[in-house]
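So that the names make sense, note that chain A is the first sequence line, chain B the second, and so on, each numbered from 1. These values consider heavy atoms only, across backbone and side chains, with no hydrogens, waters or symmetry-generated copies.
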Protein chains: 2
Amino acid sequence: MINNKFGSVDHFLSENNLPFEDFFRFGLSVDCVIFGYHHGTLKVLLIQRGADPFKYQWAIPGDLVSPEEDLDSSAERILQHLTGLKDIYVEQFHTFGQRDRHPAGRVVTVGYFALVESEKYQPVASHWASDIGWFDIRNIPPLAFDHDDILAKGIEFLRKKVRTEPVVFNLLPPKFTLLDIQGLYEALLLEKFDKPNFRKKILSTGVLVPLDEVQTNVAHRPAKLFRFDQERYDTLKGNTINFEL
Amino acid sequence: MINNKFGSVDHFLSENNLPFEDFFRFGLSVDCVIFGYHHGTLKVLLIQRGADPFKYQWAIPGDLVSPEEDLDSSAERILQHLTGLKDIYVEQFHTFGQRDRHPAGRVVTVGYFALVESEKYQPVASHWASDIGWFDIRNIPPLAFDHDDILAKGIEFLRKKVRTEPVVFNLLPPKFTLLDIQGLYEALLLEKFDKPNFRKKILSTGVLVPLDEVQTNVAHRPAKLFRFDQERYDTLKGNTINFEL
DNA sequence: TTTCTTAAAGTAAAAAGTACTATAACCAAA
DNA sequence: TTTGGTTATAGTACTTTTTACTTTAAGAAA
């Protein structure tokens, strides 16, 4: 136990001879793995770095956390700044703190993932990134820093998440067909499903409501449109719905 | 983009007028939610603080991360120091970064959880904590800082984890009965299971091997002992075993 | 030997999952 | 207007899994 200008903080590191101030020299950043779904492929939003280190290399968008902001607020700020969208689905998934992960010093980064309805948003390069774009998750270029690890963990996390919670609907427009959902599941889990059985399963969860609308401008029988019923899900939550396929 | 003694780091906070150094004044800590299973109840290891703030209040054991160590190493160090045990099951689950969570300044904490075979270990109070002990998860005292949140999230995480991965065996001795596992599941998930069906389900996962041994010193027919087969699990991993009950 | 507790196997009905087939709706080109 | 191609959607037969029980028997202790 040490008492000084930082107040008193437990730690049993007092044994080693680092000055106490050195324990308060961490940099903290937030990186956001942003997912979007486009015509049957699941994509991630990446930026191309405009300066060293890793100049011109692709990276997961992120920023330093300000000493004055909460961690979650920081993630929201980055997303807002990057996409201009509000009320995006965001969730923290893992923190990366390898000693040597950042050449500029000791920077620990907290990984968040976000799900955006990509129709709503076309990315534009801005002053802090030379380029920006969507990449198919099956074809990602080498990334800066330890961002390969971060991305891999983010995808892994989403794949697990999808089994127990209805998060996929955040990637779709408010009205969608059953085949849209199936395509999204197939793009994410990289496997094919039987159509009749898929629709039975997904309808049996009871959280989809059919609308009195069908597709338009299609060269075949138009599919019925559905929407996700959040309230229905909240009431059913107790009896663990299984979204596993 | 800013270049200075910290090297160059992306950030679009340059708009506000905080000196850049202020972005490198975070403290980082690790808190470990340590689970143990004792005679039908699931317990958590807590320490009683020996000094202000929150003097004499119970808390989740943790420590500041040294500038020279990796995040994961820090968690291992704390566990080693606290329990004297090596090769404990440890995993990161969430990072807590509310601006005002620590009165001593801006300290962000990374939550880890650990599973220990509690037979092996009886806690002893040491110089840095006035007391230490196991608490039933159904009866936890008010905790220091935001540790109530951390504990709640840790328990939640374990409950989810248990559905898809065979982590419970880390809480049991190497040889155990089927009823031991059932008791553990019941203590964790707070529900009762039908015995014959439970054993069918747990055996159907194929990762338990029966031993040629039975219980001793029991006042009834002794149960057969089993062990968890890690290798078998690794080979079956591909075909997602379901540990859901 | 009897009694008590618990392990462990069995069983029958219901539910869920799987792999299909069949039908009907719709568009577009002939 | 007809016809062919495509896709939504319903249905069906079969297998497997789950669920809620009952039964049997193995040990320990009185």
Rounded to whole Å, NE2 of A/H220 lies from P of C/dA24 at a distance of 20 Å
Practice problem: Could you verify whether a donor N or O on one side chain and an acceptor N or O on the other, from B/Q182 and B/E186, lie under 3.5 Å apart? | Solution: yes
Notebook entry, point to check: Just by distance, with hydrogens left out, do B/T41 and B/D136 show a side-chain donor and acceptor under 3.5 Å apart?
Noted result: no
Taken to the nearest whole Å, CD/A/Q215 to C1'/D/dT6 is 12 Å
### Query
If you measure only the distance, is there a donor-acceptor pair under 3.5 Å linking the side chains of B/Y112 and B/D72?
yes
Look at the side chain of B/R221 against the base of C/dA7 and say whether a donor-acceptor pair falls under 3.5 Å; ignore hydrogens and angles.
-> yes
note: B/K200, atom NZ; D/dT17, atom C1'; distance rounded to Å ~ 10 Å
Between CD of A/Q182 and C1' of D/dT9 the distance, given in whole Å, is 13 Å
Of A/S204 and A/V214, the one whose closest nucleotide on DNA chain C sits nearer the 5' end is A/S204
Against the side chain of B/K201, the closest entry in C/dG10, D/dT18, C/dA7 is D/dT18
With no hydrogens and no angle check, do the side chains of B/E91 and B/Y89 hold a donor and an acceptor under 3.5 Å apart? yes
note: A/K195, atom NZ; D/dT7, atom P; distance rounded to Å ~ 7 Å
### Message
If you define the side chain from C-beta out and look only at heavy atoms, does anything of A/L211 sit under 4.5 Å from A/K224?
### Response
no
Rounded to whole Å, the CZ-P distance (B/F198 to C/dA8) equals 14 Å
Separation of C/dA7 atom P from B/F226 atom CZ, nearest Å, is 11 Å
Nearest-nucleotide check on DNA chain D, B/D194 vs B/P222; residue mapping nearer the 5' end is B/D194
**Study point:** Polar pair under 3.5 Å, donor/acceptor by atom type, side chain B/K224, base C/dT6
**Key:** no
| For A/L178, which contact category applies under a 4.0 Å heavy-atom criterion: base, sugar-phosphate, or nothing? | nothing
Rounded to whole Å, the CG-P distance (A/N197 to D/dT16) equals 16 Å
